[in-house]
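Written below as structure tokens is the structure these notes are about.
Proteins come first, then strands; the chains are lettered A, B, ... in the order of their sequence lines, and each starts at number 1. What you see is a predicted model, and the numbers here were worked out from it, not measured in a lab.
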Amino acid sequence: MTWTDFAGLVPVLILLGGAILILMAGAYRPHYRLFILAGISIALTACGVAVFSTSAVKEVSGIFRCGPYADFFMALWSLLGALTLGISFRYGEERKFAPGEYVALVLFSCVGMSFLSMASSLVGFFLGLEMISLNFYILTVFHRQSPEAPEAGMKYLLLGAVATGFLAFGIALIFAATGTLKLPEAMSGMVAGGQIVPLGLLAIAMFLVGVGFKLSLFPFHFWTPDVYQGAPAPVTGLLASGSKGAVWAAMVPLGAGLAGGLAEIVPLLKALALLTLATGVLCALVQDNIKRLLAFSSVSHMGYVLIAFLSGGLTGERAVIFYLVTYSIVVLGSFGVLACLSTPLGEPRALSDFKGLAYRSPFLAAALTIFLFSLAGIPLTAGFIGKFHIFYSAVRAGHTWMAIAGVIASLISMGYYLRLVFLVFQPRTDSPSPLAVCQPPGNIAVAFCSVLTLVIGIFPAPLLKFVAAILSP
Amino acid sequence: MNVPFSHLLIIAFLLFLMGLASILVRRNVIRVLIGVEIMLNAAGLVLVGSSALWNKVDGQLFAVFLMAIEAAEVALALALVIYLRRRKGTLNINAFNEMRG
Amino acid sequence: MRPEFISLIPLLPLGGALINILFGGRLSRRVSTGLAVVSVALAAFMVVAFWSYAAGGGTRVELYTWIEASGLRVPLVLLFDSLSASMALMVTGVSTLIHIYCLGYMSREKDYVRFFVLLNLFVFAMLVIVLAGDLLVLFLGWEGVGFCSYALIGFWYREGRNADAGQKAFVMTRAADVFLLIAMLWLFRIFGTFSIPDIMARTELIPAAAATPLVLLLLAGACGKSAQFPFMSWLPDAMAGPTPVSALIHAATMVTAGVYLLCRLFPLVMLSAQGMAAIALVGILTAGYAALCALAQDEIKRVLAYSTMSQVGYMFVALGAGTLSGAMFHLYTHAFFKSLLFLGAGCIVLLGGENNIFRMDRAARRNPLVFGTFLVGSLALAGAPLTSGFFSKDGILTTVFSRGSGLYELVWVLGSLTAFVTALYTFRLLYLVFGGKEKTRGEIPTLSFSMAVVLPFLAVAALFGGVINLPAIFGGNETLRHFLEGPDVIQGFVAHREEIILTALAVAVFAIGWLAAYGLFRRESALRDNMASRFFRSGFYIDQLLETLFQRPFRTLARFWDRATERQLFDGFFSGLGNMTFGGAKIVRRMQTGRLSTYLGSFAWGLLFLASFFLCCALGG
Amino acid sequence: MNELTFYPLLSLLIAIPLGGAFLCVLSRRSSGLCRWLALLSSGAVLVLAGSLFRLPDQTGWLLREDYAWIDTLGARFTLGLDGVSLLMVLLTALLIVMAVLVSWRTISEKTALYFSLLLALEAGLMGVFLALDLFLFYICWEIMLIPAVILIVVWGEEGSLPAVFKFIFFTIGGSLLMLLSIISLYYLHGEQTGVFSFSLEALRLTKLSGSLELWIYLGFLLAFAVKIPLVPLHIWLPDTYCKAPTAITLLLSGVLAKTGIYGLYRFAFQLCPEAAAKSFAWLSIVALVTVFYAAWTAFGQSDIKRLLAYSSVSHLGFIVFGLSVSNRTAMEGSFLQMFSHGITMGAFFALTAMIEERIGDTRMERLGGLWGRAPLWSFFFLVVALSSLGLPGLNNFVGEILILAGAFQSLPWLGAVAVPSILLAALYILRLVRHVLWGVSPAGLIWTDVGRREIFILVPFLILMVWVGCWPQTFLDPLQQVAGLPFFEGAVALKGGVLP
């Protein structure tokens, strides 16, 4: 490892160093607002550096790769970190979050996401994933007085640990089968004569269980609603957007490495995608709690991404990355709205709490509407372009039935997204709403997300071009 | 190397399944965590063994990382156990079922 | 005058109507009603003024292109030839008189603007039918008179029955219009145009097989407006409208539109012998049916309505027998005497205070004008010798007789019998209305001048109308026939002696009818309410039949569609899908138990699923 | 060139309402200002749309605009105006103005949101009628739904949610399938030519195998058939029409339904001409079933809005029938009829809105004898009713006769079967008139005749009805410049697709 190697990791190092500094400073002079602002500026600095960095090296220590792909995701996750801190501004203060730890943990998890996305070896993959997980175990229970926190924390930790066990065993088997942990080779090594070797199949099964847990694919999705419900809204936002997005970002090269062998597991992935989609939309349809609804919706969205993923090819990869970028922004934004609407007494729970929101906080209502439209895939939002690409990749790969399944799922999903939108616009006649009125600091992040959602929805060309560029080195 | 690799794999599998079984059967948080540790150890075994098979150091390296992460996880888990015990007074995993549906 | 001004004939009444629509409420009563009358009178004057244009092949006036699309061009074209000119003259003339009558009749009506607007609109639409040189333009008028008839029958809309009667008239005529429209579309398919002269000039283009169906379709269309079998039952109900309306629309003009239509398209009709036989048959059946029904009616207007139906039946018979001029002749004479009868009936009802001939006050007989003119009209209707009705009806029967063949002989026999029944019911009406005891009642209203003044004019026309087509046997030269110059070509030969016998027979039928009526109906006590009279009075229960056959099933099915197919089948199916989704959702939701052991178990199940999948692949592949 | 063609008029047609909507949101403190803003901007669009009639005759597109948009996808912001879209644009512009006027007084709360949504709806509709790029079309197609449903949910009757969801599921279900068709077409075209594009002109050159074309066509067909709607996909419609605020019902039946027919012609038929030609036999039968079934069901209704909803379905079925008999006369008749139907239905629902404003609901048994109470209102009602039952001289007749004549030319039997629809229309319309205008008013009915604003709404409708009925040439002439028709006819003829 040389100094030039570090050059590729500068953004991550900024995050890391900043996080450590804040953690230490928190032990002496905790000041919530200051720390949050410091965290935001650290994250934004990292983001800026990532955007403008041009690393000379291709790989660091044989674990992380550098280049536009890595830079892009470092920038994205740093940005998400900054946004998460933004929406926690009032939320955490009201709940007396320990500032040093909170900011540091958020930044650490961004580091984890960055590592995961830039992993060029299964070691990096595992390290990144665990780094995210460990941070989120803590962040989930960060609001210790919350009645749901213990349950959510325990469920997440135990299930996460078991998933780690599967993942580790899977990686070990991959290593056993191929003798390497380097990414393209490890995957392509399992394919012999166009077929995956038996040990490889077992390895992939184990691996899929582990990854499926992180991505909340069926049947490993059970933790999702419970943890989403129990964790603080900003944390849930980051969990739903960044942690999943980073796993997908890491999966894309994996899938590409598997190349011909991918065809063999495509039927399995199709079945998983269908089941995931079905479970997500059906359960979301009958939810009455907004966070659980978003959780199941996130499950269904993972089904969509899986469709694009299994479709493969450049189109599929482009669809996956575009979708995860837009989805991250949207989902973080919607949890940002929830955070903004939280009072010291609690977060928004029942859907009926949202009734009449449009007339009390028009701005948040508009933002929420945009996010919900985007999740539903209604045009002029980023979600539509994302969904368009997913269906396009499916049709292109000949998986027309998957596209039709996606269409049906989208149709059912209108049921819950639009129900919420309607509630927002319906005049409230009965009791006063328990939701907070709109307050500025968090709004900036939410506004940013909503504007970005619209801009990408109307002018997706730059982002599409960029995604295409980072995929073809 | 006297032990054939397949034996090692079988042992590791058995170990993994034992861990899995203890996860499935046990109702106490700590015991479940022990099951997880067993699973991770199975992974470690495979890593070290195949490292020897392929004559590469990567596997051993990974095993070291694994141990580190295990340690971190356990530390967190024990902290959580204390927290749970304080809040709920029980460590039975099925006592935590308020969020469902 | 330039021929373009022919368009003023229909446009004048339209203008009168439009001015009254827009400003009627603000004008004084005198101005607005005067406008209505003057516009129609002017139209009548215009017809006379343009009379010379009708000579020869007539004049075609194209106003503008109404509709032009690819493959279809409909100019708004008027055809002013002998047929249309004479019809227009009759329509405008009778309309003018009736408009004048209405001035008095409607003098106490508050909603007179609407009345005169509709009346003017009706005249406009009727003139459009008459003058149309294009089938689609004709249809414009055709539907227009239908609407005016609807609105005028239900003029006193507060009474639900009146509105229902109007609705019935509209619906039944519309049902017949379906056939007319199909016929028109078919002609368009054959000729590529709706233009009447163009079509008539090239009737040879019509395939032989198409001629009969086309004529039958046209017949069905004509039957609707002319209240012929099977579309006749709306006419008696239409008497719910004001009496002048009945006189104008349901006696003189609109109901004869069907006859006029067939005359207009006579070259086409002549292509099919079967079609003509069907026309004659429909005509004679309706004539006989209506005459029988008229025999048992107890409302003066209903008697006249059935008699109208019966007389129009004669016109159909004439057409079926192939004499256009005979049909038109009867059309004109009928227009005179029937409008006279209706207007007289209007006076009688006004004086008698009651529409029912059994209950009404016989005050009318003390009014010599009403009595005299009504008597003249009745005589003409009954076919008293030397009245207009005598000549026209006799002419028709003679022509039918001359056709000779089996069917026409039957028609002739039935026609003569019907003539007998006609005389019978006419004199029944006379006896019942003017005979019997006079009830005492308070003050008898006086007839206004405008009502009284038109009666003599019409009476003269009814009495001497025969001169327009006096047959040679009476020293005439069949002026109308020569004027129409129509394709009135089917001329069975009738020997002079036979003709005298036929004429004598007609006189005899009239006389027997009178005598029979004298015997039967001179005394009120002779009236019996038996099954036959109930049967006739109800019009052979045709309304009940229609109700059972069409209306009730239609309504039942409408309800069925709404309740069963809409709500249960379609809605049920789609909400079933929705419920299925929700049901599935509730089942899937149950997996989310909230218990960690379930969640942990899912790892094992998932692994099992993946492993077995791979195992299957490995074994299968 | 005309000076009119110099400016980006088509974009303005979309931009003006959007700008108006934005201004409405900005001025949400004053509801009066919002109303006037909405009226002004929709009026400006109307003036602009009317001025488009002055465009010079030329073949192909009367106007066309093309801007780069999403170049990575090949989607462009392409707008085009031909005769059909001209009529539709005019209709939309007119009915939006009317909707603004109709809701002038009934909407007293949340005025800004209401009018901005209304204007957003107008922008979406304009986009649908003008888009020549399938991506753009799809976006407008879906986006116009959003303001409509929010308007229904917030200002509709109590308990409108189930109806709205039915509406959403049907329409979005259909349009998502259409999205798949668009994607497939886009992909196939890209594979064949190497040029990825959503342009209508480009995509219709795609070579498709028979079965594939059929599937793609079905996707389009379903989306449009739901919107029109054809039986049995109409099931969302009566409830939605009843629950929506009447101004929106006016738009739903006046304009939104037309988007389906327009799409059918502009996209489904032209992109898959052979499949379309094959489908004509079925389509025309389904259309006829729609005509009769809906008319018959309308007869059994007791609520005016519901009756009109079914009547609208029936008339729309007739328009589809005209499109599916593969005859140019009938096709032009259908286009004209789309316009006429919009006028008639617009007027009908404007009148219904006045009923609702006065007595709060639209059940027929609450009405009766209105001619005596409000002759002026009743006069308008009667004329509109007559127009609806196809009285010659009023607007609907012209389109109907063109459709019938054309249908009879190519398919005499089917044409003959279609004719009795005029009887059914008379049946339910006369029943409606009987219950509303004639008879005796029920006790306690308080009714004032139309005011100045209402006359201002109704008179343009009346003028247009007579105009179309007596001088239809104004509206038929632009239809000579129907873009894409020659192509479509050529493809159909090539396949021998003209039906026996």
What one should report as the nearest heavy-atom pair of Arg100(B) and Gln592(C) is CB-O, 3.4 Å

Looking only at heavy atoms, the pair that brings Leu24(B) and Ala604(C) closest together is CD1-CB, 3.7 Å

Is it true that atom [atom1] of [X] has more than 12 heavy atoms of other residues, nucleotides or ligands lying nearer than 6.0 Å?
| X | atom1 | answer |
| --- | --- | --- |
| Phe229(C) | CZ | no |
| Phe23(C) | CZ | no |
| Arg27(B) | CZ | yes |
| Tyr64(C) | OH | yes |
| Arg555(C) | CZ | yes |

(Q) Please report the interatomic distance OG1(Thr593(C)) to CE(Met99(B)), rounded to the nearest 0.5 Å. (A)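 Result: 12.5 Å between the selected atoms.
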
Just verifying a value: how many Å separate Tyr599(C) OH and Ile93(B) CD1, rounded to the nearest 0.5 Å?
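If I round to the nearest 0.5 Å, the distance is 11.5 Å.
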
Turns out that what part of Arg595(C) lies under 4.5 Å from chain B's heavy atoms comes down to both

For Ser597(C), does its backbone N or O pair with a side-chain atom of Asn94(B) as donor and acceptor, under 3.5 Å? yes

